[in-house]
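Single-structure report; data block below.
For the numbers below, each heavy atom of this structure counts, side chains included, while hydrogens, waters and symmetry mates do not. Quantities reported herein were computed from a predicted structural model and do not represent experimental measurements.
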Amino acid sequence: MINSEERQSLPLGRALLVVAVLACTFLLVYSPHLAYKYRYHYDEWRSMTAARRMAEGIYERNSLGFEAGFHVFLRGVYAVVDLVDIYRFLPALWALIGSVVVFFYTRKCSQRFWTALAAMVFFASIRSSADNLLGLWFFTPLSFAIPLIYGFVWLFGDALGQHDIKKLAWSALLYAALIVSHPISATFLIPLIVIHAAMHRAFVLRHWRACIAIGAVVVMAATIITWTSGATWSTITSRLVYDKSWDGFDFVPLTWGYSFVGVLFALLGAGVAWHRRQLLLLLWPATTLALVFSYHLFGNTIAFAPYSRMFYYFILGLPILSAYGLTLAITWIRTSLQDVPRPMMCAVIVVIVALTVFGSLFGYPEGKVPVQFIDDEDVAALRFLGEYDASLSPIIVLPDGLTVAAYAVSGHPIIGEYYFNDERTEERRFFTSDCATREGIIKVNAVAYVVSRERLDCGWQKIYDERDVIYRVAP
């Protein structure tokens, strides 16, 4: 099977191959933005808004506080550059970090450069979609968590396998970062942590004092999100069980998130991992897949993460196994078909890789493709408003897509919020009513400006008149 151990150094030629795969990964992840430079997903705009509000010292303690760590990161970026202009690059740049972690983790496990390189390719092949699956195309708390997840599993496995308390401490810090940035990406790991710790219980029991101290770091992280979210401990523990109401999914076909070729190689690679006794590589997909099945067995109820998220975490556990399987398949081919010319064999391998990566860009179900909320003219109007009035005066905005970006671009809070709980009833009533009713809504909500793609003949001062129109309505 896989029997040659690689040197720890990385020769220039191989380093260039890694750079080439990283460049392709960047282009693959960035490709949706070649034709559209703004955010595709509501969560991205919402996170940008939270980061801007944090910069302005008005971060509210609500459900967004469960992702406060991610917002702190964006706040740091916002202090240096304009997020509206550069956010489109962040998904691809962060995917590179995830790819590098996957490369070194796989190289450490397999001791094979080519296996690690293949794992990078399979990682890049993971699909993205604009529903609750999300993925690498979008820079959300979920995608932010991906390198942290791989890093945690790597360090946690090494800590218990090598009896290294320092690595255990570092893994706890990564886990704490997951808790404060995207708690679901931490809770889905609970079965893996418990089972793997039980398999190494002698080490855990021998260092129980240190383990308790390290556990305190995790508890502290959970305490932080109780404060940032305004939640109670009972609220947090209740988020360990989810039903269909969270994402509305009944069933997610595996090929929505990963190529069929990749799945076949992962099955083959599972045998390699089992033969090598690298059980942690099997424990990740095994625990997540078991929980996915439990959703269907127990009346659309699942523990530790919502169904669609658990499905995605299962997929994240496959690239390394797929790389193992591909390496084994190539070894078999080279052994069995020694008379086949090497160029032909290389051509077959290139086709397999192409099917794996480029096949992931096609075949999305209807309604699962990204949505273009705004365009350059919308951004120009909102930026004008932010420069015209730097105060936090409330505004009313329609159409709905424009509300997504209103605060992130202009700095003005909107009345209501797009998507969630139909909180925009008042605004829709505003744009379908007569001027007298509109004046009443303006007064009740202390509205200062109205941004619209319609001309509203109510005698208000028009301060911006392009495709979008901005009215000053405050006295």
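- In this structure, the side chain of H182 does not engage the main chain of I184 through any donor-acceptor pair within 3.5 Å.
- Between W94 and F144, the ring planes are parallel. Angles under 30° get that label, and only those over 60° would be called perpendicular.
- Under 4.0 Å is where a charged nitrogen must lie from a carboxylate oxygen, and between K166 and D158 no such pair does.
- A heavy-atom distance below 4.5 Å is not found between the side chains of F293 and F298.
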Open item on the list: As a quick check of understanding, evaluate ring-ring contact (aromatic ring centres under 6.0 Å, His included) for F188 and F304, giving each step before the final call.
Closed with: CA-CA 5 Å; F188 98 90; F304 303 116; 9.7 Å; no
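- Contact annotation: the side chain of L136 never approaches that of P91 to less than 4.5 Å [non-hydrogen atoms, C-beta and beyond].
- Put simply, the residue from W284, Y105, Y313 that forms a ring-ring contact (aromatic ring centres under 6.0 Å, His included) with Y150 is W284.
- Other residues, nucleotides and ligands contribute only 12 or fewer heavy atoms inside 6.0 Å of the CH2 atom of W170.
- The shortest distance between side-chain heavy atoms of F203 and I165 falls below 4.5 Å.
- A side-chain donor-acceptor contact under 3.5 Å links E44 to the backbone of F139.
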TODO: Carefully, step by step, assess D82 and R383 under the rule salt bridge (charged side-chain N to carboxylate O under 4.0 Å, His left out).
DONE: CA-CA 12 Å; D82 186 346; R383 277 185 165 154; 2.9 Å; yes
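- For the pair F156/L174, no side-chain contact is recorded, criterion being any heavy-atom separation below 4.5 Å from C-beta on.
- H163 pairs with exactly one of R206, H200, H207 by the side-chain hydrogen bond (donor to acceptor under 3.5 Å, both in side chains) rule, that one being R206.
- Side chains of Y307 and H296: a donor on one and an acceptor on the other come within 3.5 Å.
- A cation-pi arrangement is not found for R276 relative to W274, the charged atom failing to lie both closer than 6.0 Å to the ring centre and inside a 45° cone about the ring normal.
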Task: Stepwise side-chain hydrogen bond (donor to acceptor under 3.5 Å, both in side chains) check, S322 with Y258 - done: CA-CA 11 Å; S322 296; Y258 204 59; 2.8 Å; yes
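- A donor-acceptor pair under 3.5 Å is absent between the side-chain atoms of S99 and the main chain of L96, judged by distance alone.
- The cationic group of R39 does not satisfy the cation-pi geometry with Y87, failing either the under 6.0 Å distance to the six-membered ring centre or the 45° limit from the ring axis.
- Under the 3.5 Å distance criterion, the side-chain polar atoms of S181 are matched with a main-chain donor or acceptor of A177.
- No side-chain heavy atom of F314 sits less than 4.5 Å from a side-chain heavy atom of T287.
- Under the 4.5 Å side-chain criterion, counting only non-hydrogen atoms from C-beta, S185 is not in contact with L148.
- Distance alone, capped at 3.5 Å, places no donor-acceptor pair between the T187 side chain and the A305 backbone.
- Ring centers of H412 and Y407: at least 6.0 Å apart, outside the cut-off.
- Contact of the L83 side chain with the L90 side chain is registered, since non-hydrogen atoms from C-beta on lie closer than 4.5 Å.
- No hydrogens or angles considered: a donor-acceptor pair under 3.5 Å links the side chains of T115 and T327.
- No side-chain N or O of Y242 forms a donor-acceptor pair with one of R309 less than 3.5 Å apart.
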